[in-house]
Amino acid sequence: MVRIEDIAQHEGSDIQLRGWMFNRRGSKRFIFMQIRDGSGFIQAVLNREEVDETLFDQIKRLPLESSVVVTGTVAADTRSKLGFELHVKGVEVVHSAEEYPIGKKEHGPDFLMQHRHLWIRSRRQHVVLRVRHSLVKAIRDYFDSRGFLLFDSPLLTANACEGTSTLFETPYFGKMAYLSQSGQLYQEAGAMAFGKTYCFGPTFRAEKSATRRHLTEFWMIEPEVAFADNDDNMDLAEDFMATIIGEVLDKHGDELREVLGRDTTALEKTAEGGFPRISYDEAIETLQRLHAECEDPETKQHLAIEWGSDFGGRHETELTKLYDRPIQVYDWPYAVKAFYMKRSERDPRLARCVDMLAPEGYGEIIGGGQREDNLEVREAAIDHHQLDPADFTWFTDLRRYGSVPHAGFGLGLERTVAWVCGLQHVRETIPFARTIDRLNP
RNA sequence: UGCCCAGUAGCUCAGCUGGUUAGAGCGGGUGACUGUUAAUCACUAGGUCCGGGGUUCGAGUCCCUGCUGGGCAGCCA
């Protein structure tokens, strides 16, 4: 049994393919079956003079997405994008499909999401989900080959780690448990035990955010490094991003350009590294200048910003437009960042943390920083964020027994896939997206 | 959660300031076509105009309300 991706090795031989007929064209003499087997797409040609007449008539009427076993000869053909097609000798219909709901013309997003279990069969979705796969592999390879230990954080937790975000609750043997919104705190314990760790798993946010950048269930990669400050952290984040984007480009550059119509220039720049690093102070100055120069009243209104505020989507977009690759904005106001961030010793108004902003308007793809390693500052922060210290005794313990400077970051997988593929919405970057109003399919 | 937009054939949509039997393309069916690339061409079937209430001689069209979806903002990855 041959897979379409290996077809080149079988030129001239008779083979069998198993798959689905996703489209069909034809004339009196020919039927062109478009076959998908999961590894690729190929055209199988039936010539009326070369196959049984009953078979020809059966295939002429075969509904789209019927499953088939096709026997034939592999032939090189310049008219095929793949370079090869199959000259059919026989077809066994495994299942004759009912009328397929997804047509060849455009569909609306709701219809496609309702039929996500079928939509994933399409060519574009194949590219997107394969990019996701390759990105995951590149990410794991990156850390695995640099001395990081995979250290899974729990998904069920007793406490919120960022205070403000809304958590999913679930009954837990007479108590309440929460679905994890970040594996980060546990990575700090991991880094104190193993030096360099990472986790890669699903994360849950019950925020009522219904935008193109939000899912209630999404995947995050979170490395954590002992004996590292925020500058080391930025070095790591940059090398990491350049490396994984480079690997995905090597594997999928052609598909991205041809199937998705993606202009890969910014991705190529990203793979070179050399990401500009901009302090929050500089970024605010730039944004205030952009605001002053802005002539579009709607943009201008959203660009207004004072020192001390977090960025909105428009700030990220306008700031990143000035660069041809991701940028790292560092040293944010302490007040707007999570309680575990390291308070700057140079300037106590600041936290030693960093956001990496993707170019082309895709916004934040990495958030991270150095962690507070001082016990007293840590306890004060827990108190200030009105968190229950009892939930965090294990966490503060890490500052009692050999505390060291340490840093790490979190990468949002879906936002990264959306950026790489140039998609409008993260819901296409995961097999079955979970959003505020979609739990099915 | 706030603001804006939409819901008409299986799908994507048109349907003007309210007016008689609601249209197109795709998909389905039937047929034609010597290699097609979202194939093309002809014919054909297919509708509780999202639900509820209201205004009117008359509502797909106007008003109220509910539901569903989309976009933006906030929050974030």
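- The pair A:Arg262-A:Glu360 meets the salt-bridge criterion, since a charged nitrogen lies less than 4.0 angstrom from a carboxylate oxygen.
- Comparing the P positions of B:A39 and B:G46 gives a spacing of 27 Å, expressed to the nearest Å.
- Of the N and O atoms on the side chains of A:Tyr142 and A:Asp239, at least one donor lies less than 3.5 Å from an acceptor on the other residue.
- Rounded to a whole Å, the CZ atom of A:Arg434 is 19 Å from the C1' atom of B:A77.
- A:Leu411 comes within 4.0 angstrom of no nucleic acid atom, judged by non-hydrogen atoms across all strands.
- Comparing B:A77, B:G35, B:C72 by their nearest atom to the side chain of A:Arg79 picks out B:G35.
- In this structure, A:Glu222 atom CD and B:C76 atom C1' are separated by 13 Å, rounded to whole Å.
- Atom CZ in A:Phe111 sits roughly 15 Å away from atom P in B:G70 (whole-Å rounding).
- For A:Leu82 and B:U37, the CG to P distance is 18 Å, given to the nearest whole Å.
- Minimum atom distance to the side chain of A:Arg438 is reached by B:G70, of the listed B:G71, B:G70, B:U37.
- Atom P of B:G31 sits at a distance of 34 Å from the matching atom of B:C49, rounded to the whole Å.
- A:Arg132 and A:Glu414 are joined by a salt bridge, as a carboxylate oxygen and a charged side-chain nitrogen come within less than 4.0 angstrom of each other.
- Annotation: of the two residues near RNA chain B, A:Gly410 and A:His87, the 5′-most nearest-nucleotide partner is A:His87.
- A heavy atom lying under 4.0 Å from RNA chain B marks the following residues of residues 26-62 of chain A, by number: A:Gly26, A:Ser27, A:Lys28, A:Arg29, A:Phe30, A:Phe32, A:Gln43, A:Arg61.
- Judged purely by distance below 3.5 Å, without hydrogens or angles, the side chains of A:Ser279 and A:Glu282 pair a donor atom with an acceptor atom.
- Of the P atoms belonging to B:G60 and B:U48, the separation is 14 Å, rounded to the nearest Å.
- Taking atom C1' on both B:U56 and B:C11, the two are 35 Å apart, rounded to the nearest angstrom.
- With respect to the salt-bridge test (charged N to carboxylate O, under 4.0 angstrom), the residues A:Asp331 and A:Arg277 do not qualify.
- Looking at the side chain of A:Glu99, the nearest of the listed nucleotides B:G35, B:C76, B:G27 is B:G27.
- Rounding to whole angstrom units, CD1 of residue A:Ile430 and P of B:A77 are separated by 17 Å.
- Applying the 3.5 Å distance criterion, the base of B:C76 shares a donor-acceptor pair with the side chain of A:Arg415.
- Near RNA chain B, meaning a heavy atom under 4.0 Å from it, residues 10-19 of chain A has no residue at all.
- Note: NE2 (A:His214) to C1' (B:G74) measures 9 Å, nearest angstrom.
- Heavy atoms of A:Glu85 sit under 4.0 angstrom from at least one base atom.
- Residue contacts shown for A:Ser80 are absent, as no nucleic acid heavy atom lies under 4.0 Å away.
- Note on ring orientation: taking the six-membered ring where Trp is involved, the planes of A:Phe409 and A:Phe143 are tilted (angle from 30° to 60°).
- Separation of the P atoms belonging to B:U8 and B:C13 is 9 Å when rounded to the nearest angstrom.
- Looking at heavy atoms from C-beta onward, A:Thr264 lies in side-chain contact with A:Arg257 at the 4.5 angstrom threshold.
- The side chain of A:Arg25 places no N or O atom within less than 4.0 Å of a non-bridging phosphate oxygen (OP1 or OP2) of B:G35.
- The phosphate of B:A39 has OP1 or OP2 within less than 4.0 Å of a side-chain N or O from A:Asn23.
- Distance, A:Phe22 CZ to B:G27 P: 15 Å, rounded to whole Å.
- Ring geometry, A:Phe111 versus A:His115: the interplanar angle falls from 30° to 60°, so the pair is classed tilted.
- With C1' as the reference atom, B:A6 and B:G66 are 16 Å apart, rounded to whole Å.
- With respect to A:Glu293 and A:Arg289, a salt bridge is recorded, a charged nitrogen being found less than 4.0 Å from a carboxylate O.
- Taking the side chain as every heavy atom from C-beta outward, A:Leu256 and A:Cys421 approach each other to under 4.5 Å.
- Judged by distance alone, the side chains of A:Glu247 and A:Ser134 never bring a donor and an acceptor atom under 3.5 Å apart.
- Across B:U21 and B:G15, the matching C1' atoms stand 16 Å from one another, rounded to whole Å.
- Taking every side-chain heavy atom of A:Glu316 into account, B:C76 is the closest of B:C76, B:G71, B:C11.
- Donor-acceptor pairing under 3.5 Å, judged by distance alone, is absent between the side chain of A:Gln114 and the base of B:G69.
- One can place NE2 of A:His302 at 7 Å from P of B:A73, the figure rounded to the nearest angstrom.
- Considering only side-chain N and O atoms, A:Arg427 lies under 4.0 angstrom from the phosphate OP1 or OP2 of B:G71.
- Shown here are the side chain to side chain contact (heavy atoms under 4.5 Å, CB included) partners of A:Val259, two or more places apart in sequence or in another chain: A:Arg123, A:Arg124, A:Val127.
- Going from the P atom of B:A22 to that of B:C41 covers 27 Å, rounded to whole Å.
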